[in-house]
**Q** 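Let me give you the structure first, and then I'll get to my questions.
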Amino acid sequence: MTEVVTRFAPSPTGYLHIGGARTALFNWLFARHSGGRFLLRIEDTDRVRSTDDAVSAIFDSLKWLELDWDGDAVSQFSRAARHAEIVEELLEKGHAYRCYASPEELAEMREQARARGTTRLYDGRWRDRDPSDAPVGIAPVIRFRAPLTGVTTIEDNVQGQVTVKNDALDDIVLLRADGSPTYMLAVVVDDHDMGVTHVIRGDEHLNNALRQVNLIEALGWQRPTYAHIPLIHGADGAKLSKRHGALGVEAYREMGYLPETLRNYLLRLGWGHGDDEIIDTAQAIAWFDLGGIGKSPSRLDFAKLDNLNGHYVREASVERLVVLLAPHLLRLLGRVLSPEEAQRLAAALPDLKERAKTLVELAENSSFYFCDGPPSPDEKAKKLLTADAGLLLARLHQHLLEVATWSNASLEAVLREFAAAEQIKLGQIAQPLRAALTGRAVSPGVFDVMRVLGREETLGRIKAAATTNNPVLGSQ
RNA sequence: GACCCCAUCGUCUAGCGGUUAGGACACGACCCUUUCAAGGUUGAGACACGGGUUCGAUUCCCGUUGGGGUCACCA
């Protein structure tokens, strides 16, 4: 029984998008589940489109998702010499040949193939031509001499048996005219050299696998096990675009999602384990298998993502949330929290985190704790702060002055007594009080807010609201 | 256009010849309740269509329709 080796092989032409993240996750989970290795290879053979920024963005995203890879990331470009060496071997054995067709000729062939309604594009004009016919001064590409007849079949762990007639498969280019290797060549060689046993990748490569398999056969190597996972679509079922959320992983981070949320969500998108929904990473490693991967494409659903994130936010520790919230609060308030404010945040978080879907929301919901002086009420809060409410708050203020211990229990007792004495329901005083303390109609429980705010700040905010909204003393 | 893949509630899915077709998100109602969440109870909601095979098809086969992918000296 050989060790399982999986790999994630993104091309560094942009950020790590959500589909790539899921591919990485599946590879990582399968390797960890099997006690094998998870490798990372950067497919940077396209020198024009590959950038260092993209490479570091991919690293950052994987690290944030906590998908650790084994060993150093391999640069495919750095292995060009090895790729060329394999092509030499292929040439010697007659599995490859030089092709001098010009771009114009190729375009013409493409047109003709299209008109004829065939899939095979290249007409093989240099396939068996005598090398002495080679035009001078033109650098050839090296093509693979693919079988013309028969069929190629792969046994895919997700899609099942897939067969295609060889006459639909082209003689793929192995080496470009400038001598650089193409992706088709590089993946095959690198996967082999890296000892990859399981190729788990997006469905868009299923057709490529058929071509690659023939190359592997020609080289006399062993095929890896394939698992082509269905693509992720937007909410409308169309191909994922920026509009839908084909965003980089770092965008999700900025939107306030937790890495464990993304892992859990992405896992369930296209993979199932009975009725289980909340699956932590340890459990995912224990359960993950290729057989559980669904065959049909799935759609991204932000409502479910939000719900899941709410779960993990509630589960997160206050200490961690304080740290995670820092950048969001900085953006919101335009400044960092003072040590006292950070303490207040920590005290408020147990109540706050129960009612937020994202870190962004959590930061917003906490902001009334950090305003300078009494909060300015929003529209709904203004409606609560009537003249009557102002009078009520003024009277409550008097009672609150006498509270000995500033705790939820004693505060609640005072409020209930007050409501009874005023012959009103608790809600009739609690709502204006909430508006006075938070400037909103929605917040954690008022007793919790008063406790976290502390006696002085609470009384100050009540007094301010009572004064502003007093029909006699009020400024308006 | 050719080739390949896919098809269960709006969405993610369970189901692997016989089920009142299950769960989750979202949606409605109710409960809880100082608001909002969370939680609890509950309601509505699906086997794309047409042929077979079979005693029996959501499940197996074929076709139709619909969706997706691939057809580069990109990956």
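Note on naming: letters A, B, ... go to the chains in the order of the sequence lines (proteins, then strands), and numbering restarts at 1 for each one. Heavy-atom basis, side chains included; hydrogens, waters and symmetry copies ignored. The structure presented is a predicted model; accordingly, all values stated were derived computationally and were not measured.
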**Q** For salt bridge (charged side-chain N to carboxylate O under 4.0 Å, His left out), just list the numbers for A/Glu155 and A/Arg223, CA-CA rounded to whole Å, side-chain angles, deciding distance to a tenth of an Å, and then say yes or no.
**A** CA-CA 10 Å; A/Glu155 214 59 60; A/Arg223 297 182 185 194; over 6 Å; no
**Q** Under 4.0 Å between any heavy atoms, over every strand shown, what does A/Arg47 touch: base, sugar-phosphate, or nothing? Just pick one.
**A** nothing
**Q** Does the plane of the ring in A/Phe302 sit parallel, tilted or perpendicular to the ring in A/Tyr257? Use 30° and 60° as the thresholds.
**A**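 Tilted: the ring planes of A/Phe302 and A/Tyr257 meet at 30° to 60°.
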**Q** Kindly determine whether A/Phe8 and A/Trp69 satisfy ring-ring contact (aromatic ring centres under 6.0 Å, His included), including the steps that lead there.
**A** CA-CA 9 Å; A/Phe8 177 52; A/Trp69 58 93; 9.6 Å; no
**Q** Would you indicate what A/Val173 reaches in the nucleic acid, counting non-hydrogen atoms under 4.0 angstrom: base, sugar-phosphate, or nothing?
**A** sugar-phosphate
**Q** Could you check whether A/Ala435 gets within reach of a base, just the sugar-phosphate, or nothing at all, counting any heavy atom under 4.0 Å?
**A**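 The residue A/Ala435 makes no contact with any strand.
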**Q** For A/Arg314, answer base if it contacts any base atom (sugar-phosphate contacts may also be present), sugar-phosphate if it contacts only those atoms, and nothing otherwise; contact means non-hydrogen atoms under 4.0 Å.
**A**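 Contact class for A/Arg314: sugar-phosphate only.
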**Q** Is A/Asn307 near enough to B/A26 that one of its side-chain N or O atoms lies under 4.0 angstrom from OP1 or OP2?
**A** yes
**Q** Select base, sugar-phosphate, or nothing to describe what A/Tyr265 touches, counting heavy atoms under 4.0 Å on all strands.
**A**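 Since no nucleic acid heavy atom lies under 4.0 Å of A/Tyr265, the category is nothing.
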**Q** B/C4 phosphate, OP1 or OP2: any side-chain N/O from A/Lys295 under 4.0 angstrom?
**A** no
**Q** With respect to the side chain of A/Glu43, which nucleotide from B/A75, B/C73, B/G68 is positioned closest?
**A**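 Side chain of A/Glu43 sits closest to B/A75.
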**Q** Hey, is the side chain of A/Ser298 poking within less than 4.0 Å of OP1 or OP2 on B/U13, counting only N and O atoms?
**A** yes
**Q** Nearest to the side chain of A/Val164 - B/C4, B/U70, B/G67?
**A**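 The nucleotide sitting nearest to the side chain is B/C4.
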**Q** With no angle test and no hydrogens, is the base of B/C12 tied to the side chain of A/Lys304 by a donor-acceptor pair under 3.5 Å?
**A** yes
**Q** Roughly how many Å apart are B/G39 and B/A24, using the P atom of each and rounding to a whole number?
**A**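 Straight-line distance between the two P atoms is 11 Å.
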**Q** Does the side chain of A/Arg299 get closer than 4.0 angstrom to OP1 or OP2 of B/G67 through an N or O atom?
**A** no
**Q** Could you tell me if A/Arg395 and A/Gln398 have a donor-acceptor pair between their side chains, going purely by distance under 3.5 Å?
**A** no
**Q** Select base, sugar-phosphate, or nothing to describe what A/Thr163 touches, counting heavy atoms under 4.0 Å on all strands.
**A**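 Sugar-phosphate contact only - A/Thr163 comes under 4.0 Å of backbone atoms but never of a base.
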**Q** So which of A/Arg120, A/Arg211, A/Arg145 actually passes side-chain hydrogen bond (donor to acceptor under 3.5 Å, both in side chains) with A/Asp171?
**A** A/Arg120
**Q** Are A/Leu215 and A/Met184 close enough that some pair of their side-chain heavy atoms sits under 4.5 Å apart?
**A**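 No. Closest side-chain heavy atoms not under 4.5 Å.
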**Q** Work out how far the C1' atom of B/A26 is from that of B/A44, and round it to whole angstrom.
**A** 13 Å
**Q** What is the distance from CE of A/Met184 to C1' of B/A75, rounded to the nearest Å?
**A** 9 Å
**Q** Given the C1' atoms of B/U58 and B/A46, what is the spacing between them in whole Å?
**A** 10 Å
**Q** Please name the nucleotide paired to B/A48 by Watson-Crick or G-U wobble geometry with both distances under 3.5 Å, or report none.
**A**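 With both distances under 3.5 Å, B/A48 matches B/U64.
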**Q** Quick test of your reading of the model: are A/Lys353 and A/Glu315 salt-bridged, counting only N-O distances below 4.0 Å?
**A** no
**Q** What's the closest nucleotide to the A/Val162 side chain, out of B/U34, B/A37, B/C4?
**A**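 Taking heavy atoms from C-beta onward, the closest nucleotide is B/C4.
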**Q** For A/Arg416, answer base if it contacts any base atom (sugar-phosphate contacts may also be present), sugar-phosphate if it contacts only those atoms, and nothing otherwise; contact means non-hydrogen atoms under 4.0 Å.
**A**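 The residue A/Arg416 makes sugar-phosphate contact but no base contact.
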**Q** Looking at A/Thr45, does any N or O in its side chain come under 4.0 Å of the phosphate oxygens OP1/OP2 on B/A75?
**A** yes
**Q** Once you apply the 3.5 Å cut-off to both distances, tell me the Watson-Crick or G-U wobble partner of B/G1, or none.
**A**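 Answer to the pairing question: B/C71, which forms a Watson-Crick or G-U pair with B/G1.
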**Q** With rounding to the closest Å, how many angstrom separate the P atoms on B/U11 and B/G68?
**A** 14 Å
**Q** Is it the case that the base of B/U34 and the side chain of A/Arg434 share a donor-acceptor contact (distance under 3.5 Å, atom types as modelled)?
**A** yes
**Q** Look at A/Glu85 together with A/Arg82 and state whether they make a salt bridge at an N to O cut-off of under 4.0 Å.
**A**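 Salt bridge between A/Glu85 and A/Arg82, a charged N being under 4.0 Å from a carboxylate O: yes.
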**Q** What nucleic acid atoms does A/Pro444 come within less than 4.0 Å of, heavy atoms only: base, sugar-phosphate, or nothing?
**A** base
**Q** At under 4.0 Å, does any side-chain N or O of A/Arg110 touch on OP1 or OP2 of B/A72?
**A**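 For B/A72, OP1 or OP2 has a side-chain N or O of A/Arg110 closer than 4.0 Å.
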**Q** Taking the side chain of A/Asn207 as its heavy atoms from C-beta onward, which of B/C73, B/C6, B/C3 lies nearest to it?
**A** B/C3
**Q** Over how many whole Å does the gap from A/His228 atom NE2 to B/C5 atom P extend?
**A**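 Rounded to the whole Å, the gap is 13 Å.
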**Q** Which nucleotide in the list B/A72, B/G39, B/G23 gets nearest to the side chain of A/Glu277?
**A** B/G23
**Q** Roughly, in whole Å, what's the span from CG in A/Leu308 to P in B/A26?
**A**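 In whole Å, B/A26 P lies 10 Å from A/Leu308 CG.
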**Q** Go ahead and name the base partner of B/C30; Watson-Crick or wobble counts if both distances stay under 3.5 Å, otherwise write none.
**A** B/G40
**Q** Take atom P in B/A7 and the same atom in B/G15, then report the distance between them in whole Å.
**A**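 After rounding to an integer number of Å, I get 13 Å for this pair.
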**Q** Taking atom P in both B/G52 and B/G10, what distance in whole Å separates the two?
**A** 28 Å
**Q** Report which part of the nucleic acid A/Ala303 touches: base, sugar-phosphate, or nothing (heavy-atom distance under 4.0 Å, all strands).
**A** sugar-phosphate
**Q** When you get a sec, tell me which of B/C73, B/A72, B/C6 is the closest nucleotide to the side chain of A/Pro297?
**A** B/C6
**Q** Give a yes or no on whether a donor-acceptor pair under 3.5 Å exists between the nucleobase atoms of B/A75, that is its base, and the side chain of A/Asn208.
**A** yes
**Q** Indicate, with a heavy-atom threshold strictly under 4.0 Å, whether A/Gly270 touches base, sugar-phosphate, or nothing.
**A** sugar-phosphate
**Q** Taking the same atom, C1', in B/G63 and in B/G45, what whole-Å distance lies between them?
**A** 30 Å
**Q** Is there, by distance only and without an angle test, a donor paired with an acceptor across the side chain of A/Asp275 and the base of B/G22 below 3.5 Å?
**A**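 Check passes, donor-acceptor contact within cut-off.
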**Q** Of the nucleotides B/A75, B/U34, B/C25, which one has an atom closest to the side chain of A/Tyr183?
**A** B/A75
**Q** Scan side-chain atoms only and decide if A/Thr149 and A/Asn166 contain a donor-acceptor pair under the 3.5 Å cut-off.
**A** no
**Q** Check every atom of B/G69, B/C12, B/A72 against the side chain of A/Arg268 and return the nucleotide holding the closest atom.
**A** B/C12
**Q** Taking any heavy-atom pair under 4.0 Å as a contact, classify A/Arg201: base, sugar-phosphate, or nothing.
**A** nothing
**Q** For B/A14, which nucleotide in any strand shown is its Watson-Crick or wobble partner with both distances under 3.5 Å?
**A** none
**Q** Side chain of A/Asp301 only, please: which of B/A24, B/G10, B/U34 is the nearest?
**A**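 Looking only at side-chain atoms, A/Asp301 lies closest to B/G10.
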**Q** Considering only the C1' atoms, how many Å lie between B/C27 and B/C9, rounded to the nearest integer?
**A**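 Straight-line distance between the two C1' atoms is 12 Å.
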